[in-house]
**Q** 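Sharing a structure here in structure tokens format.
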Amino acid sequence: MTQENNIDAALSTENASAFKSGQEDFIQQGASDKSDEVLIAVKDLKKSFGDNEVLKGINLNIKNGEKIAVIGPSGCGKSTLLRCINCMEDPSSGSIFFEGEDLADMKVDINVHRQKIGMVFQQFNLFNNLTVLQNIMLAPVVIAKKKRNKNKRINFFRSIANLFRKKDNRKPLVPLGKSIAEIKAEASSRAHALLTRIGLDDKADAYPATLSGGQKQRIAIVRALAMEPKVMLFDEPTSALDPEMVGEVLDLMKKLADDGMTMVIVTHEMGFAREVATRVLFMDGGVIAEENTPDKFFTAPASPRLKDFLSKVL
Amino acid sequence: MKRSWNLFYTQFITYNGYKTVLNGLLTTVEIAVFGLIIGILIGTLIALVKVMPKYKLLPRILNRICEVYVGFFRGTPMVVQLLIAYYVLLPAMGIPADGVTVAVVVFGLNSGAYVSEIMRSGIQSVDAGQLEAGRALGLTFWTAMIKIVIPQSIKNILPTLGNEFIVLVKETSVVSFIAVTDLTKAFRAIGDANYEYVIPYLMLAAVYLVLVILITVGIRFMERRLKRSDARK
Ligand SMILES: Nc1ncnc2c1ncn2[C@@H]1O[C@H](COP(=O)(O)OP(=O)(O)O)[C@@H](O)[C@H]1O
Ligand SMILES: [Mg+2]
């Protein structure tokens with residue numbers, strides 16, 4: 001983030017809570033140029049815990065820019081599906097492809113994979129021992145430092161190997177890129193910019209315990225955004241909130257959707273699903289029992305199970 | 001009683017018994033402190049092995065080794081461990097045994113087994129969502145532990161660690177079995193001089209009590225500091 005952008009962001013603080021501005025996106029590159037490309041492909045995914053088969057064959061293609069709402073009764077495996085996509089659970093069978101890469105492949109580094117996926121939890125899970133700013137900066141800084149250290153290691157071995165190579169045969173050293181101080185400064189200014197966007201920059205040095213649920217969840221969302229993920233997974237992001245705080249979190253998610261973020265949202269907020277989603281899935285009995293565009297999904301549900309479910313929650 | 005006092009006084013002051021007692025006190029504290037330090041090092045390692053993900057073979061092997069270790073040291077009396085180390089293992093290896101060193105090592109190994117449990121439960125008392133959120137951001141298990149989970153577990157661990165220290169201080173009274181002159185042995189020596197034990201043993205109890213009270217006050221102080229730093233949250 002350059003200095004000018006920073007000031008830009010700071011200037012827009014005055015009415016930041018109302019996301020009118022829209023000049024600066026939450027996501028760095030517009031995902032729209034790659035729309036229609038399949039980002040995540042889930043193929044016949046099955047997952048059992050012991051004898052309990054929770055997912056019984058899920059097939060799902062998620063394209064760039066899609067906003068998929070997942071609804072279904074409690075215990076039907078919605079969280080498990082998200083957790084499989086994020087490699088927090090290993091599938092019992094079937095496979096998941098992320099940008100065409102099979103996640104079961106041993107070559108896939110799950111930590112690198114997870115950096116591309118933002119996850120938002122029902123319980124927020126802000127790090128209690130860190131300030132808001134540190135919460136947002138932690139992962140970007142740690143990961144940038146790690147890359148830098150890896151390059152340092154490479155250079156160390158190369159320079160030793162180069163001692164034994166002829167002059168014109170020597171391998172060039174890898175550029176180290178930013179210094180640690182630069183990495184930190186950049187992460188900090190990006191964190192402040194994100195906080196400014198959600199109107200919470202004054203809470204940068206506060207600890208999570210002093211925040212309301214709505215504030216915590218909005219910070220958890222920008223913490224995930226700080227990693228510049230390609231997709232955001234939301235697992236009932238408003239279910240643990242007091243009713244008066246649901247709106248502010250949904251507003252932020254809507255803004256994110258408008259910015260073109262690819263999103264998978266497990267939710268009980270039917271109004272939100274209908275308004276924001278491009279596709280709604282009904283999970284039941286470990287499979288995707290029905291899926292449709294939001295309008296058709298809610299106005300003309302096909303299966304009796306879905307009709308029954310909707311009649312209970314609407 | 002009067003006679004006992006007089007004999008104790010003579011022995012303690014005139015015949016320099018206080019020097020033996022001071023040395024014994026030092027030995028007691030030394031064994032407890034270094035034992036605790038070794039125990040914390042070993043206990044931390046074991047606790048980390050215990051909470052590590054167990055998908056791979058190496059963590060599982062390490063885990064089994066730790067189980068055996070903890071099982072042995074918690075399943076046998078400290079005195080027996082001291083006796084085995086001092087009279088069996090060291091002679092068998094042909095190493096000249098220094099009682100205090102043996103005591104420090106055995107107390108360290110023994111308390112490592114207990115401390116590992118304290119640390120494990122302290123770590124596991126931190127909400128699992130904290131680790132999960134860290135991993136979801138792409139942090140490795142170890143980074144997430146070091147930056148997020150372990151700092152939060154410390155306020156659960158420290159007070160219990162203080163209790164372990166108290167236990168250690170009191171347990172050191174068995175080291176006379178391997179010819180180490182600790183606090184207990186020092187007071188017994190004073191009693192032995194005249195076969196008059198009333199005052200020496202009452203004094204001995206008083207000194208242990210004072211030690212334990214001092215440690216307890218220290219722990220309270222630490223707890224309060226931790227609470228205060230917690231208030232900012
Ligand atoms: N780690 C686990 N071990 C055992 N059973 C689990 C585990 N995680 C989830 N389950 C079970 O899987 C089922 C689906 O859980 P979940 O995916 O959380 O459902 P949902 O999010 O739709 O409410 C539940 O019956 C739950 O008990
Ligand atoms: Mg769930």
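What you see is a predicted model, and the numbers here were worked out from it, not measured in a lab. The chains referred to below are lettered A, B, ... by the order of the sequence lines, with proteins before strands, and numbering in each begins at 1.
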**Q** Cationic tip of A:Lys152 within the cone over A:Phe156's six-membered ring, i.e. under 6.0 Å and within 45° of the normal?
**A** no
**Q** Can you find a pair of side-chain heavy atoms, one from B:Ile46 and one from B:Tyr69, that are under 4.5 Å apart?
**A**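 Yes, side chains in contact.
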**Q** How many angstroms lie between CG in B:Leu137 and CG in A:Leu138, if you round to the nearest 0.5 Å?
**A** 7.5 Å
**Q** Less than 4.5 Å to any heavy atom of chain B: does that hold for the side chain of A:Arg83, its backbone, both, or neither?
**A**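 The answer is the side chain of A:Arg83.
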**Q** Can you list the steps and then say if A:Lys46 with A:Glu53 is a salt bridge (Lys or Arg N to Asp or Glu O under 4.0 Å)?
**A** CA-CA 8 Å; A:Lys46 291 180 183 159; A:Glu53 189 173 48; 5.3 Å; no
**Q** Could you check if a side-chain atom of B:Asn63 sits within less than 4.5 angstrom of a side-chain atom of B:Pro59, using non-hydrogen atoms only?
**A** no
**Q** Please state whether the side chain, the backbone, both or neither of A:Leu126 comes within less than 4.5 Å of a heavy atom of chain B.
**A** backbone
**Q** How about residues 138-145 of chain B versus chain A: which residues have heavy atoms under 4.5 Å apart?
**A**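 Listed by number, the contacting residues are B:Gly138, B:Leu139, B:Thr140, B:Thr143.
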**Q** Is it the backbone or the side chain of A:Phe127 that comes under 4.5 Å from a heavy atom of chain B, or both, or neither?
**A**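 For A:Phe127, the contact with chain B is made by backbone and side chain together.
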**Q** Do A:Asn111 and B:Arg135 meet the criterion of a side-chain donor-acceptor pair at a distance under 3.5 Å?
**A** yes
**Q** So which of A:Gln123, A:Gln134, A:Arg223, A:Met119 has the biggest tally of heavy-atom pairs under 4.5 Å with chain B?
**A** A:Arg223
**Q** Check each atom of A:Ile143 against the heavy atoms of chain B and say whether the ones under 4.5 Å are side chain, backbone, both or neither.
**A**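 The answer is the side chain of A:Ile143.
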**Q** Can you give me the closest heavy-atom contact between A:Phe121 and A:Asn125, atom names plus distance?
**A**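 Answer, listing the atom of A:Phe121 first, then A:Asn125: CG-ND2, 3.4 Å.
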**Q** Find the one option among A:His113, A:Gln115, A:Arg114, A:Lys116 whose heavy-atom pairs under 4.5 Å with chain B are most numerous.
**A**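 That would be A:Arg114.
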**Q** Would one find more than 12 heavy atoms of other residues, nucleotides or ligands at under 6.0 Å from atom CZ of B:Phe34?
**A** no
**Q** Determine which residues belonging to residues 114-130 of chain B lie within contact range of chain A, meaning some heavy atom pair is under 4.5 Å apart, and list them by number or answer 'none'.
**A**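 Within residues 114-130 of chain B, the residues that come under 4.5 Å of chain A (heavy atoms only) are B:Asp127, B:Gly129, B:Gln130.
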**Q** Which atoms of A:Lys146 come close to chain B, meaning under 4.5 Å heavy atom to heavy atom: side chain ones, backbone ones, both, or neither?
**A**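 A:Lys146 touches chain B through side-chain heavy atoms alone.
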**Q** Check this for me: A:Lys147, atom NZ, are more than 12 non-hydrogen atoms of other residues, nucleotides or ligands nearer than 6.0 Å?
**A**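 No.
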